[in-house]
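Just so it is clear, the model here is predicted, and its values are computed rather than measured. Any value given below was found using the heavy atoms of this structure, including those in side chains, with hydrogens, waters and symmetry copies removed. By convention here, the first residue in the shown sequence is residue 1.
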Amino acid sequence: MATEEDSTTRIRRRPPRIAADHPHYKWVALSNTTLGMLIATINASIVLISLPAIFNGIHLDPLQPGNVSYLLWMLMGYMLVTAVLVVSLGRLGDILGRVKIYNAGFLIFTITSVILSVDPMHGGGGALWLIGWRVAQAVGGSMLMANSAAIITDAFPARQRGMALGVNMVAGIAGSFVGLVLGGLLAEWNWRSIFWVNVPIGLIGTVWAYRSLHDTGIRRPAKMDWWGNITFAVGLTALLAGITYGIQPYGGHTMGWTNPWVLAGLIGGVVLIVVFCLIESRVAEPMFPLALFRNAAFAGGNAATLLGSIARGGLQFMLIIWLQGIWLPLHGYNYADTPLWAGIYLLPLTVGFLAAGPVAGALSDRYGARLFASAGFVVMAGSFAGLLLIPTNFSYWVFALVVFLNGLGGGLFAAPNTSIIMASVPAESRGAASGMRATFQNAGMVLSIGVFFSLMVAGLARSLPNTLSTGLTAQGVPAANAHQVANLPPVGTLFAAFLGYNPIQQLLGPDLLSKLSKRHAHTLTGREFFPHLISGPFHDGLVVVFALAIVMSLVAAGASLIRARKVTEKQG
């Protein structure tokens, strides 16, 4: 019969912790860091498709001019913070221990998810609560993203590293696609659930990370490069914030590139980045080791990462606008249901990525990474060309095939590109290199919003006013009123399509609608008038947007072919 002491011993006994040199430890490290990357990147996009539900939930009209800033910062705050912090946190991981910083990131991410889900306010206050705590959540996400690739690189031998990084990177980039589907599903139920979903996953991941991960990488005491951190953070924030506000109208112009604050942000940001580079070339322990760029493979790999991220980020936004604002309403879907179905109809994009990513990572270990990375970008360029050729009101199966190819191209590129970057640096710099790669990736996503939205707004500004005026007058709207509505800044129309709204009723107002015939009023406020109206101008904008994406993809394909210089590393 068991004694009380035996029972106490059994209760206190825990499963043995797998040692760092155990053959199975590398798989534990891969599993946990993949979960961390997945949850961090899902949250970069889950809000993207849930914005209509969020704005309704906090009783905020997203089409009011003063609320556009809230919308932009909900979209970009998370990505901006991760772009700014991942290098610093990767460098901190090199100094204090990559696992220590990674584990803290899981904990911060989980706590902030709880706080986000209990937003007690409405209107602007509710929006500021979400924006502020999303920034705090991004700090935790940055800790995860900055150190996961370095932890894997430390745990796996060179012959398996491409496969392991492939799984991790597929989870990371696929997370941005999965977030679209998951956000659509959860927002249909309750907007707060897009934050609830993080809590159980975060708790499991946090406990698991603290219990199982070991710091096996090379760590050496060093001082933080505070001036480098400050100039980099302020400079990149000013630059990306300037791009963000440049999208918004200013002084009668369709966009805000003449706004003194936007110009100050752009010019000041560039100046501070130059100052940052000068500091980094002189300090003994730089946060951003510029010497790594002397290796052509490292420089080419990061250039490809940046270009690929801009192209892929722009694709997500354009496809959401295309589906939510045009294609789904034309095919009988209510505007309230378009976020859910947009996520579902984008599944081929995710499937293509998931199909190619792990396979490309494993094969690149055997046959070399450069060819796979370059081929992935060529496939992506072909898919962008396909999106240019199909009509705005497309046959879904053709669209599904094209976006599947785009995901396939992204999957072929992701892991080999990461393997090129991480294999081209010495072991003691892997944390910084991982952070630098993540910075280019996240900065590319933020830049894509500025670049592609600006191009789309410019395209709409050329053709939308005439199309809108003609369409409104054809439905009995007086010419003066139609002209006034048609000459409003096109960014409002673009965001209406992005959010799955029909803004015609709001733009015309109840007084004007009441003076029209019932048939005309019903047509104007119906499901199909607005999508039909903007489909032509939208396609004009798509031509410019996707043409640039093709160019970026082909340049990135060339950058991926740059040969790596062999780095002698000691395997620990």
query: Would you call the rings of Phe399 and Trp322 parallel, tilted or perpendicular if under 30° counts as parallel and over 60° as perpendicular?
result: perpendicular
Excluding sequence neighbours, so at least two apart, what forms side chain to side chain contact (heavy atoms under 4.5 Å, CB included) with [X]?
| X | value |
| --- | --- |
| Ile201 | Leu35, Ile39 |
| Thr258 | Tyr250, His253 |
| Ala342 | Ile49, Leu323, Gln324, Leu328 |
| Leu266 | Leu239, Ile243, Trp257, Val262 |

Under the side chain to side chain donor-acceptor pair (under 3.5 Å) test, which residues partner [X], sequence neighbours left out?
| X | result |
| --- | --- |
| Ser517 | His520 |
| Asn334 | Arg527 |
| Trp191 | none |
| Trp73 | Tyr245 |

message: Evaluate Leu349 against Phe404 for side chain to side chain contact (heavy atoms under 4.5 Å, CB included), listing each step before the verdict.
response: CA-CA 5 Å; Leu349 189 68; Phe404 172 82; over 6 Å; no
- request: Please indicate whether Gln475 has more than 12 foreign heavy atoms, meaning atoms of other residues, nucleotides or ligands, lying under 6.0 Å from its CD.
  value: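 For Gln475, atom CD is crowded (more than 12 foreign heavy atoms under 6.0 Å).
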message: Please determine whether the number of non-hydrogen atoms from other residues, nucleotides or ligands lying under 6.0 Å from atom NE2 of His522 exceeds 12.
response: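 Incorrect, the count does not exceed 12.
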Sub-3.5 Å donor-acceptor pair from the side chain of [X] to the main-chain atoms of [Y], do we have one?
| X | Y | answer |
| --- | --- | --- |
| Thr237 | Val234 | no |
| Ser193 | Asn190 | yes |
| Arg192 | Ser117 | yes |
| Thr470 | Thr467 | no |

- request: Establish, yes or no, whether a centroid distance under 6.0 Å links the rings of Phe372 and Phe413.
  value: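 That pair fails the under 6.0 Å test.
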Residues Val403, Tyr345; criterion side chain to side chain contact (heavy atoms under 4.5 Å, CB included); working and verdict: CA-CA 10 Å; Val403 297; Tyr345 281 123; over 6 Å; no
Stepwise side chain to side chain contact (heavy atoms under 4.5 Å, CB included) check, Ile58 with Met121: CA-CA 7 Å; Ile58 62 176; Met121 292 179 279; over 6 Å; no
Compile the donor-acceptor pairs under 3.5 Å between side chains in residues 302-310 and protein atoms, sequence neighbours left out, one pair per line.
unit_1, atom_1, unit_2, atom_2, d
Asn302, ND2, Phe298, O, 3.0
Thr305, OG1, Gly301, O, 2.9
Thr305, OG1, Asn417, OD1, 2.7
Ser309, OG, Gln441, O, 2.4
Ser309, OG, Met445, N, 3.2

Partner set under ring pair (Phe, Tyr, Trp, His ring centres under 6.0 Å) for His331, not counting sequence neighbours: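 Result, ring pair (Phe, Tyr, Trp, His ring centres under 6.0 Å) vs His331: Trp327.
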message: If the condition is ring pair (Phe, Tyr, Trp, His ring centres under 6.0 Å), which residues does Tyr333 pass it with, not counting sequence neighbours?
response: Trp341
message: Rounded at 0.5 Å granularity, tell me how far CG in Leu236 sits from CG in Leu80.
response: 6.5 Å
Can you give each donor-acceptor pair under 3.5 Å made by side-chain atoms of residues 533-547, sequence neighbours left out, with the distance rounded to 0.1 Å?
unit_1, atom_1, unit_2, atom_2, d
Ser535, OG, His532, O, 3.0
Asp540, OD2, Ser463, OG, 3.4

